[in-house]
Amino acid sequence: MRRRAGGTGRAWRTPVAVALVSGLAVAACSAPDQDVAQVGETSRSAVVFAAASLTEVLTELGAEFERGHPGTSIDFNFAASSALAQQIAAGAPADVFASASPEPMDQVVDLDLVAEPPVIFAANRLQIVVPSGNPGGVTGLADFADPDKVIALCAPAVPCGGAAREVLELAGIDAKPDTYERDVRATLTKVRLGEVDAALVYRTDVLVAGDEVRGVDFPESERVVNDYPLAALAEASDADLASAFVDYLRSPAAEDVLRTAGFDVP
Amino acid sequence: MAPALLLVPALFGLAFLLVPLLGLVLRAPWGELPAQLGSPEVLGALRLSLVCATAATALSLLLGVPLAWLLARSTFPGKRLVRALVTVPLVLPPVVGGVALLVVFGRRGLVGEHLHEWFGVSLPFTTGAVVLAGTFVAMPFLVVSVEGALRAADVRLDEAAATLGASRWVTFRRVTLPLVAPGVAAGAVLAWTRALGEFGATITFAGNFPGRTQTMPLAVYLAMESNPEAAIVLSLVLLLVSVAVLALLRERWMGGASR
């Protein structure tokens, strides 16, 4: 998958990576960069790169942490875990990484970029999500093979896409998606807008979208569980604050918030 | 000799623009290039990009040239406002354009709802949506370019044609259009390159499916997450296409003029 740069190319690696990453950020018109830039007037800050599916729950936990630690600021960059792993590998200024599956974290670990071995702090399962009113009449995974239904899946490279591929294989279904979205929230958005008849997202995303969507359970979801690894990063600008936030996410108070949001807590 | 105060920042500016592109060329896995270029995914994305950019340019010509004529040659109330509105997509972040297109042409959109209800047509996630997204971001370039050419062209030639009995349509087709042909061509090339590079509006409105809506920029973005080498190869291809178009543009329409 990832290859290290060869001898002659090494000198160019950093400028190229920075150029590519900044180019991508511009191209994606991604708002998260603004979050990263917002350091505010506080004296200590940590930047958390986190999976898109963690958007609401970590934002809440970050605010809670800031209240408990006056003078600190926790800023977030939410995107597909695989995209975040690439950004961290390219030298993005991240202090903590929370991934939606082990593979992106493994890439970061393989590059010796974690301060300590990652811990699993949450787990999540897929659910079928349909717009409220279920215009496509979707009742189960079998509908994903119907070419007449408009179906969205996450791109295979991102964690929710990998999990989707796995459950569809387990169920023996040859899915006919119409689009592979860049992260789980982009997938969810297409359902919220009613542009697709069904999609596979995490249970927690269905809860976030509230009345706009409906979740449909299916038996295979129990067999594919995504573990969420968490680690403070080696190049953290404030290592103490980074590891304090990691510890906080594993505290009983944080676990309650995660459970309320629909995550399993190991 | 230029003063150092200008020369030094100028050279830094030049390096800033060129080094990333040079890096892309140096970092490219040249050994894998033939295999990557021959892969069905890359070929599919490249073909889709070329076809959609060309279709978006054609649509822009069909609608944009008359619009440019309207702005340059006729008077109507609120013309200045209309001209300003036409250029909004130029400065609008493309992803906002994608959201707007989805809100209007989506299955539950203002127009899309009726398209779906009456004709069973659903635009999002189709190649047609890629063309519409490209047209939305590219047409203003064409309109601005053609309008400029029309304003610079000598109206007396049109008047002479009219005096000789040509109808307004014949005058437009036989006199006005040939006069502004270089402007139309330059505008078309600008529009084509803009449509070719389109990302934000496409991924938002048309989604991403290989062979149907996954254009080169989308393929680059997604390859970056799983196979950075492939992303570099794809980027290199887009860079080559862009440079080729630029070279063509300079020689054909810019080289002779003193601009």
Side-chain angles (χ1 to χ4, degrees), chain A residues 1-3 5-6 8-24 26-31 79-87 89-90 103-104 107 131 135 150-153 155-158 161-162 177-183 186-187 189-190 193-197, chain B residues 15-16 19-32 93-99 102-103 105-109 112-113 116 122-126 129 197-201 203-210 212-214 217-218 220-229 231-232 235:
Chain A
M1 299 278 278
R2 284 204 91 249
R3 274 174 224 99
T8 52
R10 184 152 296 164
W12 290 99
R13 208 165 143 233
T14 309
V16 172
V18 170
L20 283 176
V21 168
S22 51
L24 282 178
V26 171
C29 303
S30 57
S81 305
S82 45
L84 295 173
Q86 289 300 324
Q87 291 173 14
E103 290 78 16
Q107 291 177 21
V150 186
I151 303 292
L153 293 178
V158 311
D178 293 86
T179 178
Y180 290 108
E181 296 292 314
R182 63 186 185 276
D183 64 36
T187 310
T189 299
K190 294 293 195 284
L193 292 171
E195 293 301 334
V196 299
D197 296 319
Chain B
F16 177 69
V19 166
L21 301 181
L22 192 64
L24 201 58
V25 173
L26 289 176
R27 206 28 198 87
W30 292 100
E32 287 177 39
V95 68
V96 177
V99 172
L102 204 53
V103 167
F105 292 110
R107 220 163 53 161
R108 289 190 182 170
E113 190 180 26
H116 188 61
S122 179
L123 280 170
F125 316 117
T126 62
E198 170 42 41
F199 175 85
I203 201 164
T204 310
F205 177 51
N208 167 60
F209 191 84
R212 201 183 305 153
T213 57
Q214 191 183 78
L218 271 60
V220 171
Y221 178 78
L222 290 155
M224 204 50 207
E225 296 182 15
S226 57
N227 186 356
E229 305 275 303
I232 293 172
S235 305

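Just so we're clear, the structure is a prediction, and the values are computed from it rather than from any experiment. Here is how names work: the chains are called A, B, and so on, in the same order as the sequence lines, proteins then strands, and each is numbered from 1.
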Gap separating the [atom1] atom of [X] from the [atom2] atom of [Y], nearest 0.5 angstrom:
| X | Y | atom1 | atom2 | value |
| --- | --- | --- | --- | --- |
| Q107(A) | S81(A) | CD | OG | 10.5 Å |
| T204(B) | L193(A) | OG1 | CG | 10.5 Å |
| N208(B) | E181(A) | CG | CD | 7.0 Å |
| E195(A) | D178(A) | CD | CG | 11.5 Å |

Item checked: salt bridge (Lys or Arg N to Asp or Glu O under 4.0 Å) against D183(A), all qualifying residues, sequence neighbours excluded -> none
Check: Given the side-chain rings of F209(B) and Y180(A), with only the six-membered ring counted for Trp, is the space between their centroids under 6.0 Å?
Finding: yes
With a 4.5 angstrom heavy-atom cut-off, could you sort out which part of [X] is near chain B: side chain, backbone, both or neither?
| X | value |
| --- | --- |
| A152(A) | neither |
| A83(A) | both |
| P177(A) | both |

With a 4.5 angstrom heavy-atom cut-off, which part of [X] approaches chain A: side chain, backbone, both or neither?
| X | result |
| --- | --- |
| R108(B) | both |
| I203(B) | both |
| L218(B) | neither |

Notebook entry, point to check: Counting heavy-atom pairs under 4.5 Å to chain B, which of V158(A), T189(A), D197(A) comes out on top?
Noted result: D197(A)
Check: Among T213(B), L102(B), L222(B), which residue forms the greatest number of heavy-atom pairs with chain A at distances under 4.5 Å?
Finding: L102(B)
